[in-house]
Visitor: 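Dumping the structure here so I can ask a few things about it.
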Amino acid sequence: MVESTLHERTGEEVTTVNATQGLAAPVAIDVPRSWKTPIVLGVLALIWLICFGIFGDARTVAFGWSDTSDAIVLPDFVVNSKTFCLTIGILMLAIAVVATWLASQRRKVPMWLIIPFGVLLVWSLVGWVGAGGRVPVEFLLTGALALSTPVVFGALSGVIGERVGVVNIAIEGQLLIGAFAAAVTGSITGSLTLGIIAAMIGGALVSLVLAAFSIVYLVDQVIVGVVLNALAIGITNFLYASVLNDNSAEYNFPGTLPFLPIPFLSDIPVIGGVLFNQRITTYAMFVLVPLVYVVLFKTKWGLRIRAVGEHPLAADTVGINVKRTRFWTVTVAGMIAGLGGGALTIGSVGAFVREMSAGQGYIALAAVILGRWNPWLAACAALLFGFSRNFRIWAGQAGSTIPSDLIAMTPYLVTLIAVAGLVGHARGPAAAGRPYIKQ
Amino acid sequence: MSNPENTGLLVPLDEEIPAPSRSNELMREILGGGVVRTLLALVVGFVVGAILIIATNEDVLASAGYFFSRPSDLLTAAWNAVSTGYGALFRGSIYDTTATTFAEGIRPLTETLRLASPLIAAGLGIALSFRVGLFNIGGGGQLLVGAAFAGFVSFQWHLPWGIHLIVAIIFGILGAALWGAIVGFLKARTGANEVIVTIMLNYIAVSLVSFLMRTPILQAPDASGNPKTPAPDATAQLPLLLGDGFALHLGFVLVVAATVLYWWLMERSTIGYRFRAVGLNANAAKTAGINVGRIYILAMAASAAFVGLAGVNQALGRNTGFTPTIDSGIGFDAITVALLGGSTAGGVFLAGLLFGAMKAGSPAMQVESISPEVLGVVQGVIVLFIAAPPLIRAIFRLPKPATNSLIKQWWRARFTRGQVKK
């Protein structure tokens, strides 16, 4: 992939290389300008500006920050929807201009520019749909967080797996088994703590099978992943139909984890309700995303994991046991995905429902690649999916004129554009998907 | 992808070992070969299924309470549960032994063929993508788009008998192929990962087709806001093959033709040769002058075209309208069918038949109050073990396959044109 490394290398990097080689003057190397990102951003900004700004809805929209029952009540932010969308559209256009300038300087458009662009894009849409009504901001964000929790856990599992060189398509299966184990164990023992532990063990078991087949028996990782998903669906469907369905009070009535408001912090308007009045699973997510980042990129263990995923032969040469590292890392990743499964049942609705993961494992997979194998960005991508799902629910209640089918389509269309236009030739860990055979 | 042995990963047989006799070698080859492995994987799958049936059967659990006083009760109950379940599966999918006439008895087999048809067609599509080194998880979306195109022609246009059906079939296949070509195009032009693109296109297809099914384009007049299409015109329905008593329709014949076409395309045609070259090593293919990007687009379009035939089969093989759930998991099952069939024409056909039989037998199992969901586990276990030849060899202590295949030599000597290198 010589071309893509050239694309991604910035001008400065090239000069540094030359300087260290002791050349008198840095030789200008013609790195091709990549216009893809500015074009995508520019086109999106224009569409948004024209559709929602210029041809926007002239009614006012009220952004509600707090309920009357909250400790601190903030007044609603009332604004003309058209003005709001025009302002946002111009801001988006400004970002696109900055991106164009960066591209003309042969520099990469950084993530800290793309993420605000996405946030603006979403709020413009919210402001347009909510015209003539009230937008419950706290409800939108809380629901988004709740809906994205399993996906974030799945995406973390995927990031860890791919960083160590194992492509984990089986996230879907891990979520499903985790959800099942949490609900059943929680019901039988009456302890939700045991339910959480069971969810993690369930996810780890799926990972163990994945690891055994792909690392020990050298079966193609993608194939094992797909088959494990089918198997997880088969097993949970069978047990649901033959055991849970007839005795749901006994085996499938776990109850849900309680909300744990953090004193004082939970009283902060908007942020308090969203971030500090959640279930233990969501708090675990807040802890795990930075933790996985730190472990992967700041510790010796993480360095070893990434070495095994990028160049197993080199890792082996310096004495790292490649197979063992992969085996245990994938197992830990499975525990995280299993916890995400637990968030689906006891962290949300309680009872287990047939095939309740409903493709969220695959969404997590998309979040991994969209987030360029980085825990923070993958979590952001997962949040985007959660937000758009909740947005659809709210837009349906708000009586939006856009057909709900088209709203449902938006996040996937955005992902498609992002994958094709912004990520493109993103390179994951070099050895992901390849078994390592010691010579 | 299907056969890790061919990738040269495993250490070849030691040259120093004296050559075994010819008959021993043949025996070794049969035992180490794919057919025996497949059969053993089937055995393992059904044994696991039997264990699940026994473990959840109420009679068995009741008799397990006094196992040590009367162990025979437990064994009888277990035997009854398994034989009832698998007996029902046989009666529901192959031959109904309780039937009075032969026509009645053979009806389950025709049901198996009918239900296997879309699985085989979609399985061929996924298999094609595997051979090109792509992974098409987008079967569900492609099937739905194919069904929507075929459905549109079947109830919006009113053409003469014969022409109508042909036009509807062609539209369905082309519609799906276009949908698949998007994936190939994005991969070729932007390097987007086809796994994500196909997953996203699945969701987009469902939303888009649901939306259209709420508009006059695809909605039935009496659907009142629900996404549902009108029934296809009688001229556009796939005609029944065996008369009114049987549901088997022309779709099966189309699928047999598609299987032959797939074989010719992949094994004999120039384009198939390029597909396989890209699948084995895209860089080498590029060096050899193959336009890899174009092959990706063509391959995804071809892959989706086969899946589209499954969609046509679903949309036109009925006399009622359909909803966005017409895929009913075929898109995903097709992946396991392709894996089980080793991505070859014959293998996919047989694998599709097996899965079709399981679908056909499910209602009969339900009647005997054995959860047919157990078949999902059986399918998963079978494919898992098929995908792991070293594991199944370790369980049954089979020999490693011979590196120089006698059967292949014999076959090639008779059925290949031109010189065969020894």
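So that the names make sense, note that chain A is the first sequence line, chain B the second, and so on, each numbered from 1. Here the structure is a predicted model, which is why all the values come from computation and not from measurement.
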Visitor: Can you tell me how far the OG1 atom of B:Thr336 sits from the CD1 atom of A:Ile223, to the nearest 0.5 Å?
Guide: 11.5 Å
Visitor: What are the two closest non-hydrogen atoms of B:Val377 and A:Ile235, and how far apart are they?
Guide: CG2-N, 3.5 Å
Visitor: Could you tell me the separation between the CD1 atom of A:Ile169 and the CD1 atom of B:Ile137, rounded to the nearest 0.5 Å?
Guide: 5.0 Å
Visitor: Are A:Val419 and B:Met200 close enough that some pair of their side-chain heavy atoms sits under 4.5 Å apart?
Guide: no
Visitor: Sort A:Tyr362 into side chain, backbone, both or neither according to what part of it lies under 4.5 angstrom from a heavy atom of chain B.
Guide: both
Visitor: Pick whichever of A:Thr410, A:Leu413, A:Val243, A:Leu228 has the most heavy-atom pairs under 4.5 Å with chain B.
Guide: A:Leu413
Visitor: Measuring only between side-chain heavy atoms, which start at C-beta, is A:Leu231 closer than 4.5 Å to B:Val381?
Guide: yes
Visitor: Check whether A:Ile233 gets within reach of chain B through its side chain, its backbone, both or neither, counting any heavy atom under 4.5 Å.
Guide: neither
Visitor: Is there a side-chain contact between B:Ile196 and A:Leu365 (heavy atoms, below 4.5 Å)?
Guide: no
Visitor: With a 4.5 Å cut-off on heavy-atom pairs, point out which of A:Ala232, A:Ser242, A:Ala212, A:Ala230 contacts chain B the most.
Guide: A:Ser242
Visitor: For chain A, which of B:Ser210, B:Gly376, B:Ser207, B:Ala55 has the most heavy-atom pairs under 4.5 Å?
Guide: B:Ser207
Visitor: Quick check for you: among A:Leu406, A:Val224, A:Leu239, which has the greatest number of heavy-atom pairs under 4.5 Å with chain B?
Guide: A:Leu406
Visitor: Can you tell me how far the CD1 atom of B:Ile335 sits from the CG atom of A:Asn229, to the nearest 0.5 Å?
Guide: 9.0 Å
Visitor: Say you draw a straight line from CG of A:Leu416 to CD1 of B:Ile199; how long is it, rounded to the nearest 0.5 Å?
Guide: 11.5 Å
Visitor: Closest approach of B:Ile204 and A:Tyr412, non-hydrogen atoms and distance?
Guide: CG1-CB, 3.8 Å
Visitor: Of the backbone (N, CA, C, O) and the side chain (C-beta and beyond), which part of B:Leu186 lies under 4.5 Å from a heavy atom of chain A, both, or neither?
Guide: side chain
Visitor: A side-chain contact here means heavy atoms from C-beta on lying under 4.5 Å apart; do B:Phe135 and A:Val226 qualify?
Guide: yes
Visitor: Can you tell me which of B:Val374, B:Val383, B:Ile370, B:Leu375 forms the most heavy-atom pairs within a distance under 4.5 Å of chain A?
Guide: B:Val374
